[in-house]
Amino acid sequence: ACTRKNRNDALHPLWQSPLTIPGGTRQSPINIQWRDSVYDPFLKPLNISYDPTTCLHIWNNGYSFLVEFDDSTDKSIIVGGPLENQYRLKQFHFHWGAINEWGSEHTVDSKFYPAELHLVHWNAVAYPTFEEAVMEGNGLAVIGVFLKLGAHHEGLQTLVDALPAIKHKDTVIEFDVFDPTCLIPSCPDYWTYAGSLTTPPLTESVTWIIKKKPIEVDENQLEAFRMLLFTSDGEEEKRMVDNFRPLQPLMNRTVRSSFQ
Ligand SMILES: COc1ccc2c(ccc[n+]2C(=O)c2ccc(S(N)(=O)=O)cc2)c1
Ligand SMILES: [Zn+2]
């Protein structure tokens, strides 16, 4: 039997750093208790306008796979909702489980979904670079969309077809045109709360916007996520699964809803 020096060996490198931010008061993810969320009539509809040609590439960064966008202009932005001004789309990625019983980062009334999509935007009005925005309380806005097992998702299949080419960590392929709007439910309802990045550097810079309605994907599409690897080509293979952070304490926060 193999002997591990310590438990950390078992953990993906991402989690070998401290899991908690000392003095963290607004960490993510959290459980969203539907009946404790507070309807805010002043929340605006979220306005999403993405230019599909700003899509650059899809890559495996060793903790998820992400599709990155050219964020040097205001061509792909979100505005409205709980946000003070517009935020630029930088990338989207997913978190998922080894089986369909879990995988999402946020939960709703303690229910896990098999996966969760994060569309990451930054406040280019207030800050000159993404790296600076990551360090500021109003620097980032992430739209969270739950994935549930159900019908085949046509838009997602375009991504799924590219995954075999980025099986290993640090592999990347061109991705010329993709409109992530097809991955966002048309139902306008969302919850919103002040939180953090869910991977290091775990900075408390995210306005979370969690869509109430999930999108449906089929078993083959979820299985395609699970054939990705955390590891580089030539290393001992470790399947990329369970890349979600444990739930964090709500502490002194209220989750607001855009719907009654
Ligand atoms: C300043 O150094 C950084 C900054 C950001 C980094 C990062 C490493 C990985 C991911 N990021 C991210 O941008 C990032 C991390 C987590 C998330 S999440 N899962 O949407 O909270 C979104 C984006 C390093
Ligand atoms: Zn994420």
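Just follow the structure's listing: the first ligand is 1, and inside any ligand the first atom is 1.
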#### Entry: Enumerated ligand 1 atoms positioned under 4.0 Å from heavy atoms of F130
13 (O)

### Query
Between the main-chain N or O of P29 and the side-chain N or O of E105, is there a donor-acceptor pair closer than 3.5 Å?
no

### Task
Would you kindly specify which portion of L197 sits under 4.0 Å from ligand 1, judged on non-hydrogen atoms: side chain, backbone, both or neither?
both

### Query
Which one of V134, L202, T199 has a non-hydrogen atom at the shortest distance from atom 1 (C) of ligand 1?
V134

### Task
Check whether any heavy atom of H95 sits under 4.0 Å from an atom of ligand 1.
yes

### Proximity to ligand 1 by part of E131, non-hydrogen separation under 4.0 Å
neither

### Message
Tell me the closest heavy-atom pair linking G97 and F244, and the distance in Å.
### Response
CA-CE2, 4.5 Å

### Message
Suppose we only allow N, O or S atoms; which atom of H118 ends up nearest to the Zn ion (ligand 2)?
### Response
ND1

### Task
Under the salt bridge (Lys or Arg N to Asp or Glu O under 4.0 Å) rule, what do D71 and K90 come out as? Steps first, then yes or no, please.
CA-CA 6 Å; D71 60 349; K90 177 161 183 62; 3.6 Å; yes

### Task
Please report which non-hydrogen protein atom sits nearest to atom 19 (N) of ligand 1, along with the residue it belongs to and the distance in Å to one decimal place.
T198 OG1, 2.8 Å

### Task
Check whether any protein heavy atom sits under 4.0 Å from atom 11 (N) of ligand 1.
no

### Task
Under the side-chain hydrogen bond (donor to acceptor under 3.5 Å, both in side chains) rule, what do N123 and E136 come out as? Steps first, then yes or no, please.
CA-CA 9 Å; N123 186 342; E136 302 291 337; over 6 Å; no

### Residue pair Q91, H118: steps toward the side-chain contact (heavy atoms from CB on, under 4.5 Å) verdict
CA-CA 8 Å; Q91 54 106 323; H118 289 159; over 6 Å; no

### Task
Check whether any heavy atom of M135 sits under 4.0 Å from an atom of ligand 1.
no

### Task
Determine whether the aromatic ring centres of Y50 and F92 lie less than 6.0 Å apart.
no

### Query
Are the aromatic rings of W208 and H106 close, with centres under 6.0 Å apart?
yes

### Message
Under a 4.0 angstrom heavy-atom cut-off, which atoms of ligand 1 come close to Q91?
### Response
23 (C)

#### Entry: From S205, P201, S196 - option closest to atom 4 (C) of ligand 1 by heavy atom
P201

### Message
Taking distance alone, with N or O pairs closer than 3.5 Å, would you say W208 contacts ligand 1?
### Response
no

### Query
Hey, is W122 touching ligand 1 through its side chain, its backbone, both or neither, going by heavy atoms under 4.0 Å?
neither

### Query
Of T171, V172, L66, which is the lone residue that meets side-chain contact (heavy atoms from CB on, under 4.5 Å) with N61?
L66

### Query
How far is atom 8 (C) of ligand 1 from its nearest protein heavy atom, and which residue and atom is that?
P200 O, 3.9 Å

### Message
Would the distance check show the side chain of H95 and the main-chain N or O of S64 forming a donor-acceptor pair, the cut-off being under 3.5 Å?
### Response
no

